[in-house]
Amino acid sequence: MGSLPAANATPLEAKSAITSSDLGVLFESQRRHLNHFFDHLDLPQAAAFAQTLLDAPGAVFFTGVGKSGIVAQKLSQTLASLGFFRSAFLPPVDALHGDIGAVFPSDLIVFLSKSGASDELRALVPCARAKGAVLISITSVEGNPLAALCDINVHLPLQGELCPFNLAPVTSTAIQMVFGDTVFAALMTARRLTKEQYASNHPAGKIGKSLIFKVNDVMKKKDELPVCKEGDMIMDQLTELTSKGCGCLLVVDDENHLIGTFTDGDLRRTLKAYGAAIFNLTVGEMCNRNPRTITADAMAVEAMQKMESPPSPVQFLPVVSDQNVVTGIITLHGLVSAGL
């Protein structure tokens, strides 16, 4: 089995360090390149492209090769994540070997290419047209062959690449990404996308969880609750205090109304203040009768904010009904474990 050749350990004219001034020059140069793009972008052309996406009757495919292909993959995933478009990346070579079967009449195919001269993309054009798709090119070289073959072309003004040889796609891919993401932001506004709709497509991420999860989804319930009565002796409730993993006791009456809370911190302070007399104290005598609470239908992220609010953070919140009946408890550990 073959092996890769050893890397050249002594690249020609290698510099021993990169200084802040070196980077400053490059960042300033990239700023000028990006400003050139912003200053010369044809906004009516960009708006026409955005409107075409907005009115798309079918799926929107993105395709490209090399670094432009990577940008195409990212843009297709972002568009799909909005929830009101079917969007996917169409690998140009694989498309010629069967993947073009996913394309139906009136679907859109967006070709990303700096030069518009990639053989792989040009070979895909007649096959895509035969499927009845609308073809859109996004390129940076004026008068390129790909643009001439497509129904719509968007020109992304490119002053030059940041690459010292003006070859590596450093600036061109940056403006492709900026252009695509900015258009998508316009689509979100035009479709009046709500945070809740957006979050529904990101249930495993922190964004989605913060907008979807309610207290009821992450709170402890029933037998998991560390409950006691106000007449119970403190020392008789140590097992309940420590075994449920909440760091507290929920003090309730006979109808399960919340009276107060007693924490492991309260236990330490009581023991320090009363010593052996703690054996004669009830939970009701030492509990906090004005604890922060929350309802089960509140958002989980609201519970976290309430725990962290002044005058001092807390590690848990009793969950109560409108009638102050205990229905659960939510802990900071539980919120963190849920990804919030």
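We count residues from 1, following the sequence as given.
A side chain to side chain contact (heavy atoms under 4.5 Å, CB included) with K229 is found for exactly one of V252, V283, D253, namely V252. Between V320 and the options L258, T327, I329, a side chain to side chain contact (heavy atoms under 4.5 Å, CB included) holds for only L258.
Pairing each heavy atom of Q159 with each of H33, the nearest pair is OE1-ND1, 3.0 Å. Among all heavy-atom pairs drawn from L135 and L149, the shortest one is CD1-O, 4.4 Å. In terms of heavy-atom proximity, V65 sits nearest to E120 at CG1-CB, 3.8 Å. In plain terms, the two heavy atoms of L75 and Q176 that are nearest each other are CD1-O, 4.2 Å. Of all non-hydrogen atoms in F37 and L156, the two that sit nearest each other are CE1-CD2, 4.0 Å. Minimum heavy-atom separation, M299 to F213: CE-O, 3.4 Å.
M307 is not listed as a side-chain neighbour of P313, based on a closest heavy-atom distance of 4.5 Å or more. By the 4.5 Å heavy-atom criterion applied to side chains, E255 and V325 are not counted as neighbours. A 4.5 Å side-chain heavy-atom check between P226 and C228 finds every atom pair outside the cut-off. No side-chain heavy atom of T242 sits less than 4.5 Å from a side-chain heavy atom of L238. Between V218 and I330, some side-chain heavy-atom pair lies under the 4.5 Å cut-off. Here the side chains of R289 and I259 are in contact, with some heavy-atom distance below 4.5 Å. Between M235 and I278, some side-chain heavy-atom pair lies under the 4.5 Å cut-off. Residues T295 and V319 fail the side-chain proximity criterion, which asks for heavy atoms closer than 4.5 Å.
Interatomic distance, M177 CE to S68 OG, rounded to the nearest 0.5 Å: 10.0 Å. Taking CG from L112 and OG from S118, the interatomic distance works out to 10.5 Å, rounded to the nearest 0.5 Å. Going from atom CG of D42 over to atom NE2 of H155 covers 9.0 Å, rounded to the nearest 0.5 Å. Rounding to the nearest 0.5 Å gives a distance of 5.0 Å between CZ of F61 and CG of D107. Atoms CG and CZ, on L250 and F262 in that order, are 13.0 Å from each other to the nearest 0.5 Å. Going from atom SG of C248 over to atom CZ of F316 covers 3.5 Å, rounded to the nearest 0.5 Å.
Hydrophobic clustering (side-chain heavy atoms under 4.5 Å, transitive across Ile, Leu, Val, Met, Phe, Trp, Tyr) keeps V25 apart from L23. No continuous path of ILVMFWY side-chain contacts below 4.5 Å connects M233 to F279, so the two sit in separate hydrophobic clusters. A single hydrophobic cluster is not seen to contain both V227 and L267; linkage of ILVMFWY side chains at heavy-atom distances under 4.5 Å, directly or through other members, places them apart. Hydrophobic clustering (side-chain heavy atoms under 4.5 Å, transitive across Ile, Leu, Val, Met, Phe, Trp, Tyr) keeps I70 apart from V110. In terms of hydrophobic clustering, with Ile, Leu, Val, Met, Phe, Trp and Tyr side chains grouped at heavy-atom distances under 4.5 Å, L96 and F111 are assigned to a common cluster.
In summary, R31 and E28 engage in a salt bridge, as defined by a charged side-chain N under 4.0 Å from a carboxylate O. Checked for salt-bridge contact, R269 and D266 meet the test: a charged N lies under 4.0 Å from a carboxylate O.
Put simply, the side chain of D94 never gets that close to the backbone of P91: no donor and acceptor are under 3.5 Å apart. Although no hydrogens or angles enter the test, the distance criterion places a donor-acceptor pair under 3.5 Å between the side chain of E285 and the main chain of T282. T63 contributes a side-chain N or O that, together with a main-chain N or O of L90, makes up a donor-acceptor pair within less than 3.5 Å. For R191 (side chain) and L82 (main-chain N/O), no donor-acceptor pair under 3.5 Å exists by modelled atom type. No donor-acceptor pair under 3.5 Å is formed between the side chain of N216 and the backbone N or O of A296. A donor-acceptor pair under 3.5 Å is formed between the side chain of N166 and the backbone N or O of E161. Although no hydrogens or angles enter the test, the distance criterion places no donor-acceptor pair under 3.5 Å between the side chain of R122 and the main chain of P145. In this structure, S29 contributes its side chain and L26 its backbone to no donor-acceptor pair below 3.5 Å. Side-chain N or O atoms of K244 include one that pairs as donor or acceptor with a backbone N or O of L225 at under 3.5 Å. Distance alone, capped at 3.5 Å, is enough to place a donor-acceptor pair between the S115 side chain and the A117 backbone.
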- Task: Could you give me the CA-CA distance, side-chain angles and deciding distance for F184 and L53, then say whether side-chain contact (heavy atoms from CB on, under 4.5 Å) is met?
- Result: CA-CA 9 Å; F184 295 165; L53 291 185; 4.0 Å; yes
- Task: I would like to know whether Q30 and T171 meet side-chain hydrogen bond (donor to acceptor under 3.5 Å, both in side chains); could you show each step before the answer?
- Result: CA-CA 7 Å; Q30 185 75 307; T171 305; 2.6 Å; yes
- Before giving the answer on side-chain contact (heavy atoms from CB on, under 4.5 Å), spell out for K67 and V71 the whole-Å C-alpha distance, their side-chain angles and the decisive distance to 0.1 Å. CA-CA 6 Å; K67 305 304 184 294; V71 176; 5.8 Å; no
- Message: For a side-chain contact (heavy atoms from CB on, under 4.5 Å) check, start with the C-alpha distance between R129 and D151, then their side-chain angles and the critical distance, and finish with the verdict.
- Response: CA-CA 10 Å; R129 192 170 294 285; D151 302 301; 3.1 Å; yes
- Item | Test log, rule salt bridge (Lys or Arg N to Asp or Glu O under 4.0 Å), inputs K74 and D181 | CA-CA 10 Å; K74 188 273 179 189; D181 284 340; 2.7 Å; yes
- Could you give me the CA-CA distance, side-chain angles and deciding distance for Q315 and T331, then say whether side-chain contact (heavy atoms from CB on, under 4.5 Å) is met? CA-CA 6 Å; Q315 300 293 310; T331 66; over 6 Å; no
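Residue-environment remark: CG (D55) exceeds the threshold of 12 foreign heavy atoms within 6.0 Å. When the shell of 6.0 Å around NE2 of H257 is examined, it contains more than 12 heavy atoms from other residues, nucleotides or ligands. Around the NZ atom of K220, the shell of radius 6.0 Å holds more than 12 heavy atoms that belong to other residues, nucleotides or ligands.
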